[in-house]
Structures are given as C-alpha cells and as structure tokens.
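For reference, the structure is listed below as structure tokens.
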Protein chains: 2
Amino acid sequence: MTMSNTGGRRKPPTIHDVAREAGVSRGTVSRVLNGGHYVSPAATEAVNAAIRRTGYVVNRHARSLITGRSDSVGFLLTEPQERFFEDPNFNVLLRGCTQALAAHDIPLLLMLAGTDDERRRITRYITAGHVDGVLLVSSHSGDPVAEELRAAGVPLVACGKPIGLGSKVSYVAADDRDGARDMVRHLLSLGRRRIGVVTGPLDTPGGVERLAGYKEVLLEAGVEIDERLVVPGDYSRASGEAGAERLLAQAPDVDAVFVASDLMAQGVLTALHRAGRRVPEDVAVGGFDDSPAAVAASPELTTIRQPWDRISAEMVRVLLAQIGGEDTAAVILPTELVKRGST
Amino acid sequence: MTMSNTGGRRKPPTIHDVAREAGVSRGTVSRVLNGGHYVSPAATEAVNAAIRRTGYVVNRHARSLITGRSDSVGFLLTEPQERFFEDPNFNVLLRGCTQALAAHDIPLLLMLAGTDDERRRITRYITAGHVDGVLLVSSHSGDPVAEELRAAGVPLVACGKPIGLGSKVSYVAADDRDGARDMVRHLLSLGRRRIGVVTGPLDTPGGVERLAGYKEVLLEAGVEIDERLVVPGDYSRASGEAGAERLLAQAPDVDAVFVASDLMAQGVLTALHRAGRRVPEDVAVGGFDDSPAAVAASPELTTIRQPWDRISAEMVRVLLAQIGGEDTAAVILPTELVKRGST
DNA sequence: CGATCAATTGTGAACGTACACACACCTTGG
DNA sequence: CCAAGGTGTGTGTACGTTCACAATTGATCG
C-alpha cells in the first residue's frame, strides 16, 4: 500500500507542448505526424526538432478514440492450445507475425480462446473494435469464432485453408498438394514403386491435400493406387507408429512411405526399425514439415519444408491490405524438398 | 480498392445509449460499470438490462484517455529469441501469462526486442505509457532495456532472478538451489558418492544456484568436492555431450551426474552410451527442467520440475499488485523431483 | 423540529488527438 | 487587374469515458 515506483511516471508531453515548443499550432504538428502534406519544409523541421527535444510520443488512445482505429491486431488461437504451443512451426509463425507487425508499429495482442468463456470474451473484445483485424490460427473445421468475426465484418486472415467453406475468409497457406507431389516424385525417382502413405487427419485441408498430391503423382506416373498402401494418421507420433505397422501388415512389399508429418515419420522409423527393415535401403521414408523432429530422427528425415517465415509475412501483408479496405484473396506459397538420409 | 467487408462495421453503442435506454444518466452507468458503490439496486439492474439489450462494450480508448491506464501489459523478450521460442517452458510461460491476464480482462501485447531498432521502438512504446506494466523474460546479465524501464518507473516483473543486481526489480523464479539439492540428495540416497556435475552457464543466476545446491549437499553429507567432477556447460545438448566426455576423462570412476538441464542430459546420455557405460547401472543421470526432452530420452530422465504454471500466475499477480501501487518482493517457488528411469 | 449526514443521482469539465473549416498568402492566366 | 486555384496555417469541435462536484432525498440524532 506504500508509494513505490521510485521516481514515479511523469506526465508525458502532448501535442500542445510540441506545438508551443515549435511555435506552430496543433494542426500543423498533427499534419507533420500523419501524412505531412501541405506543410512547409520549415514548419516540418521545426516540429521534428521540437518532437525530438520534448521526447513526444503520440497518445494512441486519444488517436484511436477519434479515428476509430486501434492500430493493433489480434493473434487468435481457437484450437486446443497445447498442440500448437508444442509445434515449433507455430512459434515461428507467432514470432514472424509479431515482427512483421512491429515494422508497421502495430502491436500484436495474443488471444487464446480455450474455454467457452474465453471464446465469448475474446469475441466481444474483437467485435467491439478493440483490434483492427485478426490473424487466425485454427485447423478446426468451420470455426464458430471465425464465422462470427466474419459476420461482424472484422478483417480476418487465417493460417492454412479453413475448411468451413461457407464463409469466404482470406488465408495464407503452403502448397500442401504440390509439396506432396514433390515428395512422391522424389520417391519415384529413386526407383520405388510400392509407395505407401500415412495421411494426416482427413477433416483438415492439409491432410486432404497431401493425400491428393500423392495420388496425383502416382496416377501421372502410371502407378496403380493400392488402397492397402494408404493408412490414416492424425499427425501424432503414435499414429505414425501404428500406421507403419498396419502398412507392413497390409502390404509387406512396401519400399517407401510418404508420411504426412515429421512427427508421424518418427513413429514410422521406430516401427520399421522394430520390424527389421533398414531405412533407406529397404524402405525410404519421406516426412512433411521440416520440424526439429526431422533432424532429431535417425536417419535424418527427407522432408518438405513449408515457408513459415514467408507465411507470417504474407498473413500480415494481406491483413493490413484488408484493413485498408482492399479485397483480398488466398495466397498459396511454394514448398521446398529437403533431402536427407531417410531416402 | 473496392468496398469489401460485407456488412461493414456498425457504430457500437456508447454509454449515452445505455443511459438513455436505462432511463438514467451517464454517471450512473459509469458507476455501475466500475466499482458499483453508491448505486441503488434498482438502477443497477436497469443499467445491466440496458447493457444486455444494447450489447454495449466499454470503449477502452476513451477510458484509457482519461484514466491514464491502458489496461494492457507487455510481455517482453529481449534475448536472442530463437532460444526461447524453442524452449517448451517458455511457451508454457507465455500461455500461462496470457490466460492469467485474460482472467482480469487485460490483453497481453507480445514484444520482441531482437534488433537495436526494435529495442528502441519498444522502449519508447512502453515508457510512453502504452502498457501499464511489463512481464520480462531475459536471462541476460544487466539487461539495458530492463534498466531503462526500471528507471522510468515502469512496473516490471522478471522471470528468473535478473543478474544485474544494481537495480532492484521484482522477479518470480523457481528455487534452483533447492531443486539441485533435492536431486543430489536423491543421487546420494542411491549410494552414489562420485557424483559429477555439468553446470549451466555461470553468468546466469540459474547456473550459479544449481551448482551451489550441488556443493551444499555434498558438503553437508561430508563428501569432499572434487573439482575434476565439475565441468561447465551452456544448457545446449552439444555442451552436455562434451561435458560428459570431459568428465569421463578427468574422473573415470564417476558413478552419477547431475546435469543442469535436460537438453544437456540428453547429450550426456549419448556420450555415456558411446563410452559403454550403462545408465543407470554404471552411471545415474539426473536432469533439470522436466522438458519434453526428459521423456524423449532413453532411459527417461529423472529430473527437476519447475512449476511453470505457477510461475506465470505469480508473475501476473505480482505485476498487477505493483501496478496497483504496492511494493512487491521476489517470489521463489518450490521445485519437484520427478523420478524416472535414469537414476 | 431543525440540523447533520449518508445515500443516490445528474451535470460539467477534461483527457489528447484528428479532422473540417476558415482564412491568408501566393501564383497564374485571361 | 481581378478571379481562380493551389498552398500553408490556425481554430473549434467531437470522439466516449471518468471524475469531481453539486443537488436532492430520506433518515437519524440531539
């Protein structure tokens, strides 16, 4: 209860102080601050000098009150959060978005909608206009929060293609299908023909697309698609292990596996090792994501790298464009094949 | 350039609208909103009903403009960020802080001060009063940003004991020393007497404290401290591997190792395995952190768990108290020994 | 019964900024 | 030489809220 904060916080200078210091009016200072049109060079310089001398920083609350903008955006996570926070790619995304926004002097508000209560609170916060737009991370099908925000006309950019196609929301995503194509083509080029696949969850666009790419390339190459070579997974390591076992049982002559995530691929390696199959001699294994799991595995995983740094930058670019009133479309970015020891 | 945002965002209701709807004055509505003292039950109910009917949400900008508070706090990371974003504990911390703040309806602004430019921008942002306080993550010795914020009288709570002792900043930390003591006691109880240690970086409080705990327990137990059993590390996996090799060379009769981080412990396991030592039969290994690396290792690591969920909750509690004008002190939280296969 | 006091409510600033408007000046062209 | 238009600047107002203050009522007390 005692007075702390030694020194205390002094009252910061206002636009009035700057105006007085520079010998001009508030209006002129404001014009120098924003845009800067219709101001003489002399006045501009005087104002800038005064700003430097006084250490003036614009009061964003006052500005927001009148402009209606908040000059901040939310980074919203609606999924069960554990999964994302364990995912290194998610961290790259969060970091990338924060930095890209910082370059525009826009702070990022982290919003975690785990419980229904949080969901309500956050929805209210956003629709009340306390952020100008939202970067959405959610693999969930037809996210109700996203729907509501979209309905309220809140600028919104998702990471990855949202599956609820009813509402058209802009999104930025890696080209899952093309990545899968690259990997399977790579396996074919190694002479493999009995190529299995452990899919991702098929209620997510990523899972669907990666499987589609796999099938496309095989069809193009004239390789018949054997449904015994297709087993489902859910991106977890355990499901990779189970998937590989099922694969070995259903199609013992499998000579390569395209696994829809690195984490699952780790499980596949474990199962293959236990079954006495050598990697890559007997069975080549290709992953997806280029996560730390890829280099932690032995042998190190050949995988598909998604351009997460570019994804975050694009999400911010698209969101700001949308806030600026432009119509925005989806952005699909190319992936990259990273060859390592497992193929 | 065309009109997008189908529907557009309608102008939200203000406190005036609520007042008119409830048949009272602005002042009464405001009183119901904050505190609620000196308002009749009838008025309170009428206002609440009006709020529900109109969907009113307070305009935080207008409120902040007059109160001087922003009702938001910054989560500041000044270190080279890669290290933290790879650290699962950091993610738990970030998540925990966000949720604890959300319970108070306070948004968290993520601030990454990587470059000098970002550092300047963020410092200006904070000292200008755009956040009420800062949660600081930084293992750096004598962080210049922290110093500056402290000098400006900004409420500040650090995670882990800051090493720049010149300025007194509040912090919340796990009891590193006691955790180390627990682990070494555990190793002694297993009958080990030639207990080695791979330390953390000794320019961080954590590294120093964990080493101190190790020495304390040995002295108490009457075991002489052999400097050949003490090798330095920097928390990285590679340094753990190198440390174990050095340990084996300097003191081949080592029968246990206390490793100051799980990541390093992984390296230690690798080196021991290569040297043909069995774990835990020949050499028992104890880690620190209870990170995912602990269960990923084989055998699974006995380790010290830090209460990250409580740490984040305490950081928020202390920061809010400090913002409220209270004097706050350091908070040290107990650790927990987690026994697994490596000892 | 008058006075003091607590409870409750309304009203008028003020917070710091952006924006519309009015005004003054200077140039240009007919 | 005057009208028209561009350029540069100052002033008043509004944004939505909180807070201090005044005003009103009813109750309590000496």
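These values consider heavy atoms only, across backbone and side chains, with no hydrogens, waters or symmetry-generated copies. In what follows, chains carry the letters A, B, and so on, assigned in the order in which the sequence lines appear, proteins first and then strands, with residues in each chain numbered from 1.
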query = Of all nucleotides in DNA chain C with an atom under 4.0 Å from a non-hydrogen atom of chain B, which is the first and which the last going 5' to 3'?
reply = C:dA7 to C:dG16

remark   = For B:Ala103, the side-chain contact (heavy atoms from CB on, under 4.5 Å) test, sequence neighbours excluded, returns none

request  = Identify, with sequence neighbours excluded, every residue that meets side chain to side chain donor-acceptor pair (under 3.5 Å) alongside B:Ser72.
outcome  = B:Ser70

query = Going by the salt bridge (charged side-chain N to carboxylate O under 4.0 Å, His left out) test, which pairs reach into residues 67-76 of chain B, not counting sequence neighbours?
reply = B:Arg69-B:Asp71

Below 4.0 Å: OP1/OP2 of D:dG10 and any side-chain N or O of A:Thr28 = yes

query = For residues 19-30 of chain A, which residue pairs qualify under salt bridge (charged side-chain N to carboxylate O under 4.0 Å, His left out), counting only residues two or more places apart or in two chains?
reply = A:Asp17-A:Arg20, A:Glu21-A:Arg53

task = Applying salt bridge (charged side-chain N to carboxylate O under 4.0 Å, His left out), name anything that partners B:Arg119, two or more places apart in sequence or on another chain.
result = B:Asp116

task = Among residues two or more places apart or on two chains, list those pairs meeting salt bridge (charged side-chain N to carboxylate O under 4.0 Å, His left out) that have a residue in residues 96-109 of chain A.
result = A:Arg60-A:Asp105, A:Asp105-B:Arg121

key: Shortest non-hydrogen contact from A:Tyr171 toward A:Val157   = CA-CG1, 4.3 Å

request  = Compute the angle between the rotation axes at the two ends of the helix from C:dC1-D:dG30 to C:dG30-D:dC1, each taken over five pairs, rounded to 10 degrees.
outcome  = 40°

Side-chain N or O of A:Tyr38 closer than 4.0 Å to phosphate OP1/OP2 of D:dT7 = yes

task = Name all residues meeting the side chain to side chain donor-acceptor pair (under 3.5 Å) criterion together with A:Arg310; count only those two or more places apart in sequence or in a different chain, and write none if there are none.
result = none

key: Reading 5' to 3' through nucleotides 14-21 of chain D, protein heavy-atom contacts under 4.0 Å coded B for base, S for sugar-phosphate only, - for none   = BBBBB---

inquiry  = Restricting to side chain to side chain donor-acceptor pair (under 3.5 Å), what partner residues turn up for B:Ser312, sequence neighbours left out?
reply    = none

inquiry  = According to side chain to side chain donor-acceptor pair (under 3.5 Å), who are the partners of B:Asn89, at least two apart in sequence or on a separate chain?
reply    = B:Trp308

